[in-house]
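Structure first, commentary second.
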Amino acid sequence: MHPTTILLIEVGALLFGLGMLGRVGRRFGLSPIPLYLLAGLAFGQGGLIPLSASKEFIEIGAEIGVILLLVMLGLEYSASELVANLRASAPAGVLDMLLNALPGAGFAVLLGWGWEAAIVLAGITWVSSSGVIAKVLGDLGRLGNRETPVILSVLVIEDLAMAFYLPLVTAVLAGAGLLGGGKALAVAVVTVIAVLVVAIRYGDAISSFISVRDPEALLLSVLGLTLFVAGVAAELNVSAAVGAFLVGIALSGPVAHYATQMLSPLRDLFAAVFFVFFGLSTDPAHMPPVLLPALGLAVLTMATKIATGYAAARRAGIAMPGRWRAGLALMPRGEFSVVIAGLAVASGVEPELAPLATAYVLITVVSGPMLARIPDYPWFKAFLRRRMASPARSLTATD
């Protein structure tokens, strides 16, 4: 059979199956994300029926999925809102780093790994998955909630930190020393600042070049600009996700409104491919030996993420239900954690780091979307009402 024919059959069957899984998940009130991941595990390395012809195609689609998830997040907010939220959430970003990076580093030390592995595992446990969280917020209809800007601010701070962390850790793992790491960090800083300045000062001018009267031209222009900027950012060792997010921030007015409507179906398509690819790249046979350590690390750092979101939302004046929604939403780790682990494995730092990171990410990314629904359950709402009605509490914030 011709390779193209095999590709069409595999991709067509996969997408149809994902559609059925998504329908089943929504029928039972579940996020489809865990189902997509499990589908990837079933058809990946060591799975039931490995997909060989379409793996490269799915890998490219997964990268596009992350980019579209982030540009759609950026379209929800203006450049002025981004700057205001970043300034207000800077203390939350520092707290996020301390609460979530230090447990990863300490865990590596307890396992007897070197300081390079400790730095790597700190990054893996620190950064949440912007792609997964964006999908969860959309699925749960929370994009307009008061706590959502707080969640996004924490995610943006993390993504911007990754723009500096990734080049630095790459240079360290490659043995380039402090000088090489400093050069890579300088390039990242200049790139992020330049893109931010363009987004804030010239966003209106960029939007004026894109016509909303021609839907086809609008779709191609916004999608092309997003992919181009994301690619340039990645080439400069800055996260492609950060570049895509800043493109969304730069677009405003009617362009942002219509672009959101037109890109939504593409986002849903490629986001599903992203979650499947994560499962496809995982061999379940490598995970049992590290499952218990990964579970312990996941429980610990999911709790610290809840504390991070709760504290950030409280500082922003959000009432108790919104604080819990913010904390529970931040738990999943994903694309950045996998990238960081891949860098470490390629440098030969610690053989067990890859399966541990994979099991850890899978635990958080499967359980996170499920636990994010807890604030919507009647029993939890009743619990919060009792807490808020306590005479010892005086809540002036409104939800």
Handout entry: Candidate pair S367 and M302, rule side chain to side chain contact (heavy atoms under 4.5 Å, CB included), full reasoning
Key = CA-CA 10 Å; S367 60; M302 288 168 75; 3.2 Å; yes
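- Heavy atoms only, all atoms of each residue included: A39 and L18 are closest at CB-CD2, 4.3 Å.
- Formation of a donor-acceptor pair under 3.5 Å by the R323 side chain with backbone atoms of I318 is found in this model.
- Annotation: ring pair (Phe, Tyr, Trp, His ring centres under 6.0 Å) contacts of F228 (sequence neighbours excluded): none.
- In this structure L266 satisfies the side chain to side chain contact (heavy atoms under 4.5 Å, CB included) test together with L68, L219, L223, L263, F270, sequence neighbours excluded.
- Contact record, G104 with L121: O-CD2, 3.3 Å, taken as the closest heavy-atom pair.
- Proximity of a side-chain donor or acceptor of S153 to a complementary backbone N or O of P149 within less than 3.5 Å is detected.
- Under a hydrophobic clustering in which Ile, Leu, Val, Met, Phe, Trp and Tyr are joined whenever their side-chain heavy atoms come within less than 4.5 Å, directly or via other members, L143 and V132 fall into the same cluster.
- For D376, the salt bridge (Lys or Arg N to Asp or Glu O under 4.0 Å) partners are R142, not counting sequence neighbours.
- Applying the side-chain hydrogen bond (donor to acceptor under 3.5 Å, both in side chains) test to pairs two or more places apart or on separate chains, those with a residue in residues 98-111 are D96-N100, N100-T304, N100-T308, N100-R333.
- Under the 4.5 Å side-chain heavy-atom criterion for Ile, Leu, Val, Met, Phe, Trp and Tyr, I124 and L98 are members of the same hydrophobic cluster.
- Considering only residues two or more places apart in sequence or on other chains, W324 meets the ring pair (Phe, Tyr, Trp, His ring centres under 6.0 Å) condition with Y310, F380.
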Handout entry: CA sep, side-chain torsions, deciding dist, call: L353, W113, side chain to side chain contact (heavy atoms under 4.5 Å, CB included)
Key = CA-CA 9 Å; L353 185 59; W113 297 348; 3.5 Å; yes
Exercise for the section: Verify side chain to side chain contact (heavy atoms under 4.5 Å, CB included) between L330 and I306, making sure each step is shown before the conclusion. Expected result: CA-CA 7 Å; L330 285 170; I306 294 175; over 6 Å; no
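- Listed for the T364 side chain is no donor-acceptor partner under 3.5 Å among the backbone atoms of P332.
- Connection of V232 to V222 is established within a shared hydrophobic cluster, with ILVMFWY side chains joined at heavy-atom distances below 4.5 Å, either directly or through further cluster members.
- Without hydrogens or angle criteria, T125 side chain to A122 main chain gives a donor-acceptor distance under 3.5 Å.
- Here the CG-OG distance, from L269 to S264, works out to 12.5 Å after rounding to the nearest 0.5 Å.
- Interatomic distance, CG of L356 versus CG of L297, reported as 6.5 Å (0.5 Å rounding).
- Smallest separation of non-hydrogen atoms from L140 and A372: CD1-O, 4.0 Å.
- Cluster membership for M20 and L14, using ILVMFWY side-chain heavy atoms within less than 4.5 angstrom, is not shared.
- Residues D139 and V136 have side chains not in contact (no heavy-atom distance under 4.5 Å, counting atoms from C-beta outward).
- Summarising the geometry, atom CZ belonging to R146 is positioned 10.0 Å from atom CZ belonging to R325; distances are rounded to the nearest 0.5 Å.
- Residue L300 is found outside any hydrophobic cluster, as its side-chain heavy atoms come under 4.5 Å of no other Ile, Leu, Val, Met, Phe, Trp or Tyr.
- Judged as a side-chain hydrogen bond (donor to acceptor under 3.5 Å, both in side chains), and not counting sequence neighbours, the contacts of T301 are Y360.
- With rounding to the nearest 0.5 angstrom, the CH2 atom of W379 is 5.0 Å from the CD1 atom of I374.
- Residues V94 and V127 share a single hydrophobic cluster, defined by chaining ILVMFWY side chains whose heavy atoms lie under 4.5 Å apart.
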Problem - From CA spacing to verdict: side chain to side chain contact (heavy atoms under 4.5 Å, CB included), M331, L328 - result: CA-CA 6 Å; M331 291 188 295; L328 290 166; 3.8 Å; yes
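- The hydrophobic cluster containing L99 also includes L95, under a criterion of side-chain heavy atoms closer than 4.5 Å among ILVMFWY residues, counted directly or through chains of members.
- Looking at every heavy atom in both residues, G61 comes nearest to V273 through C-CG1, 3.9 Å.
- Going from atom CE of M72 over to atom CD1 of I67 covers 14.5 Å, rounded to the nearest 0.5 Å.
- One N or O on the side chain of D214 and one on the backbone of E216 form a donor-acceptor pair closer than 3.5 Å.
- Qualifying side-chain hydrogen bond (donor to acceptor under 3.5 Å, both in side chains) partners for E59, counting only residues two or more places apart in sequence or in other chains: none.
- Nearest heavy-atom pair across I133 and S128 is CD1-CB, 3.7 Å.
- Listed here is the closest heavy atom pair of V150 and A313: CG1-N, 3.8 Å.
- Within the structure, side-chain hydrogen bond (donor to acceptor under 3.5 Å, both in side chains) contacts touching residues 253-262 (residues at least two apart or in different chains) are H257-Q261.
- Annotation: salt bridge (charged side-chain N to carboxylate O under 4.0 Å, His left out) contacts involving residues 105-134, sequence neighbours excluded, are absent.
- A salt bridge does not link E147 with R315: every distance from a Lys NZ or Arg NE/NH1/NH2 to an Asp or Glu carboxylate oxygen is 4.0 Å or more.
- Listed by first then second residue, pairs satisfying salt bridge (charged side-chain N to carboxylate O under 4.0 Å, His left out) with a partner in residues 258-271 read K135-D268, not counting sequence neighbours.
- For the atom pair OG (S130) and CG (L137), the distance works out to 10.5 Å, reported to the nearest 0.5 Å.
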